[in-house]
> 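Below: one structure in structure tokens.
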Amino acid sequence: MSTEIIDVECDFLVVGGGLAGLYAAVCASSLGRCVVVTKQTLVQSNSYWAQGGIAAAVDPEDSPVFHQEDTIAAGRGLCDGRAVQILVEEGRERVTDLINLGMKFDSDDSGLLLGLEGGHSKRRVLHAGGDSTGKEMIEFLISFVSSSESVTILELVTVTDIISDGERCYGVWGYDEGRESYVRISSPCTIVATGGASALYSRTTNPEGASGEGISLAWRAGAEISDMEFVQFHPTVFSGKKGDAFLLTEAIRGEGAYLLNARGARFMEHYSSLLELAPRDVVSKAIHSEMRSCGEDYVYLDLSHMDPGFVRKRFSNIDRLCRDSGFDLAKDRIPVAPAAHYTIGGVRTSLMGETNIEGLYACGEVSNTGVHGANRLASNSLLECMVFAKRCVDSASGRRHAGDISGDFEGFMLADTREADAGFFNEAKDSIIGGMSTHLGIVREREGMEEFVARLEEFSSAARDVPGWFGFKLGTMLDVCLLVARAALLRKESRGAHMRSDHPEEHSDYEKHLVFRKNLEIYGAD
């Protein structure tokens, strides 16, 4: 079948328009021609909705050493110490660079206003616009790259294939919805920064587009994927009777909010000496336990003992959302429950963002750099985006073109979508998302996961006969869900964000990373 193909060449190709992708474009803009490809618009990323802030040891009373210790403690024995050291030391430099470019974080006459969040021993979380840090940072970076003559933004372009022979990456195939044309983008450096996959759960803080396509694309190209069993649930997500859900940032507990069970009693003292400021895995598990004990599907977040003026100013966006749902953040007990939030695992990289495929890099939530271990420390994600985006660009700078990628089109033919397949797709999607929530949620067990894997494999077999957009989307979802499920079955212990009722303790045999590569056996890496 013949189809129009638009050819594009560049020195740096960035797939994804969140903080990691945009910051990579900022770093590459002075080094050559950069193309940023995003399947939606630049304001539809996870980064845009990040509330809490970005952690960095910028206070004179703080130190990268303290930040490193907190990160490793949260990671439950699986953090890469070298990666964490890079994160905390270079992270401070990246934040300073961003401020020097003109980014405004919240401050007063004494300097930057720093927040405290769960797992942190010091106030080190910079924020902007109160609880709109992601939005402020993304809008700042969009303004920067949009004014750069060396950066081209391609919105509403779905990347359907990474062009790779299993050893080297040459670029990507994409489909441009606006021009209804296929795009072949050739580059010696392809940086995948597509975000995570937590939208594959029914209760999630993520936008719909966060379905793990970058992980699937890299997996199909031959890249190693690791730590997929670790899916972090945010402890405090609004739980309304109408099913509405929105994130209530960890910074709220950092400023002094209490967690109460359905009987109105504080309960974190039974789970951690850090109380409400325990790491996310501990708080999520505690809330899950309290909900089961009380027979309710929520607990309460209580700020009524705090200064109302401070609450409404510091958390103005959340206050507005609560009011829209009939609650007063400063006075009422707010019903909350955990929701899928962050994909800790992903495309396995070196300390320079390199994958095992030459010319293919990854950074941000789609990647697995080793900094988060088994449980991400709050507000380290935006920092990781910046630190490793720059390292990807630094590693790739000076690379010569990887070779000729001309030839017949072999990617997914999204234009061949059959509306007749919509029903099957929607049925499969609902079943997959329901199964992820039931069997791969906060607490898992073997029998349920095995049944779910069998169901996923049945859908995978049927999906091969589904063409176009429905087949592409279903295939990527199944790739990611199977990676999560198989890794969760293999890790026969509870560690960090991975908790199993049939293996409730940590086990020294699993102080390692589970790594997958297409058509190869799984193996463990120290």
Side-chain angles (χ1 to χ4, degrees), residues 8-38 42 45 47 54 56 82-83 86-87 89-101 103 137-138 140-154 159 162 168-172 185-195 214 218 223 346-371 381-402:
V8 178
E9 292 189 7
C10 59
D11 301 302
F12 299 90
L13 168 59
V14 179
V15 183
L19 180 64
L22 289 174
Y23 195 71
V26 169
C27 297
S29 62
S30 62
L31 301 174
R33 297 165 299 164
C34 178
V35 171
V36 178
V37 181
T38 174
L42 292 178
S45 67
S47 301
I54 181 169
R82 298 167 301 165
I86 288 167
L87 177 81
E89 292 180 352
E90 295 184 12
R92 185 163 61 173
E93 297 173 13
R94 299 290 76 76
V95 168
T96 300
D97 290 345
L98 198 61
I99 292 172
N100 290 337
L101 283 176
M103 174 66 201
M137 292 181 71
I138 290 297
F140 174 78
L141 293 176
I142 289 173
S143 176
F144 185 96
V145 298
S146 297
S147 64
S148 173
E149 294 183 356
S150 60
V151 179
T152 300
I153 309 294
L154 299 180
V159 172
I162 291 172
R168 178 179 295 184
C169 175
Y170 302 95
V172 302
I185 308 175
S186 172
S187 178
C189 164
T190 299
I191 301 173
V192 179
T194 52
V347 183
R348 192 170 189 237
T349 72
S350 72
L351 298 179
M352 296 302 294
E354 304 153 320
T355 72
N356 58 298
I357 307 294
E358 184 181 353
L360 181 66
Y361 301 77
C363 59
E365 191 174 353
V366 73
S367 69
N368 186 227
T369 61
V371 299
S381 54
L382 296 183
L383 194 69
E384 182 194 30
C385 287
M386 294 179 62
V387 167
F388 288 92
K390 185 177 188 302
R391 284 188 151 245
C392 286
V393 173
D394 288 346
S395 176
S397 61
R399 283 183 59 91
R400 296 186 177 182
H401 206 278

> Pairs in or reaching into residues 16-30: which pass side-chain hydrogen bond (donor to acceptor under 3.5 Å, both in side chains), with residues at least two apart or in two chains?
none

> Under the salt bridge (Lys or Arg N to Asp or Glu O under 4.0 Å) rule, what do Glu90 and Arg391 come out as? Steps first, then yes or no, please.
CA-CA 10 Å; Glu90 295 184 12; Arg391 284 188 151 245; 2.7 Å; yes

> Can you check side chain to side chain contact (heavy atoms under 4.5 Å, CB included) on Lys390 and Glu93, steps first, answer last?
CA-CA 11 Å; Lys390 185 177 188 302; Glu93 297 173 13; over 6 Å; no

> Is there a side-chain contact between Leu383 and Val95 (heavy atoms, below 4.5 Å)?
yes

> Would you give the length of the straight line joining atom OG1 of Thr349 to atom CG of Asn368, rounded to the nearest 0.5 angstrom?
7.0 Å

> Looking at Val35 and Cys10, what are the two nearest heavy atoms and their distance?
CG2-CB, 3.7 Å

> Check whether any side-chain heavy atom of Ile185 sits under 4.5 Å from a side-chain heavy atom of Leu154, and report yes or no.
yes

> Identify the heavy atoms of Ala24 and Ile191 that sit nearest to each other, and give their distance.
CB-CD1, 4.3 Å

> Measuring from Ser146:OG to Leu141:CG, what's the distance to the nearest 0.5 Å?
10.0 Å

> Indicate the atoms forming the closest heavy-atom contact of Val145 with Ala25, along with that distance.
CG1-CB, 4.0 Å

> Step by step, would you call Ile162 with Val15 a side chain to side chain contact (heavy atoms under 4.5 Å, CB included)?
CA-CA 10 Å; Ile162 291 172; Val15 183; over 6 Å; no

> Without hydrogens or angle criteria, can the side chains of Ser150 and Ser148 be said to hold a donor-acceptor pair below 3.5 Å?
yes

> Once rounded to the nearest 0.5 Å, what's the spacing between atom CG of Leu13 and atom SG of Cys34?
8.0 Å

> Taking all non-hydrogen atoms of both residues into account, name the closest pair between Val347 and Ala218 and its distance.
CG2-CB, 3.7 Å

> If you look at every heavy atom in Met352 and Tyr361, which pair is closest and at what distance?
O-CD2, 4.0 Å

> Evaluate side chain to side chain contact (heavy atoms under 4.5 Å, CB included) for Phe144 paired with Leu22, printing each intermediate quantity in order.
CA-CA 9 Å; Phe144 185 96; Leu22 289 174; over 6 Å; no

> Flag the pair Asp97 and Arg94 as a salt bridge only when some basic side-chain nitrogen lies within less than 4.0 angstrom of an acidic carboxylate oxygen.
yes

> Restricting to non-hydrogen atoms, name the atom on Ile153 and the atom on Val151 that form the minimum distance, rounded to 0.1 Å.
CD1-CG1, 3.9 Å

> Using 0.5 Å steps for rounding, measure from the CG atom of Leu19 to the CD1 atom of Ile138.
5.0 Å

> How many angstroms lie between CG in Leu31 and SG in Cys189, if you round to the nearest 0.5 Å?
10.5 Å

> Got a second to check how far Ile86's CD1 is from Glu384's CD, nearest 0.5 Å?
11.5 Å

> Is a donor on one side and an acceptor on the other found under 3.5 Å between the side chain of Ser395 and the backbone of Cys392?
no

> May I ask you to decide if Leu360's main-chain N or O and Thr355's side chain share a donor-acceptor pair within less than 3.5 Å?
yes

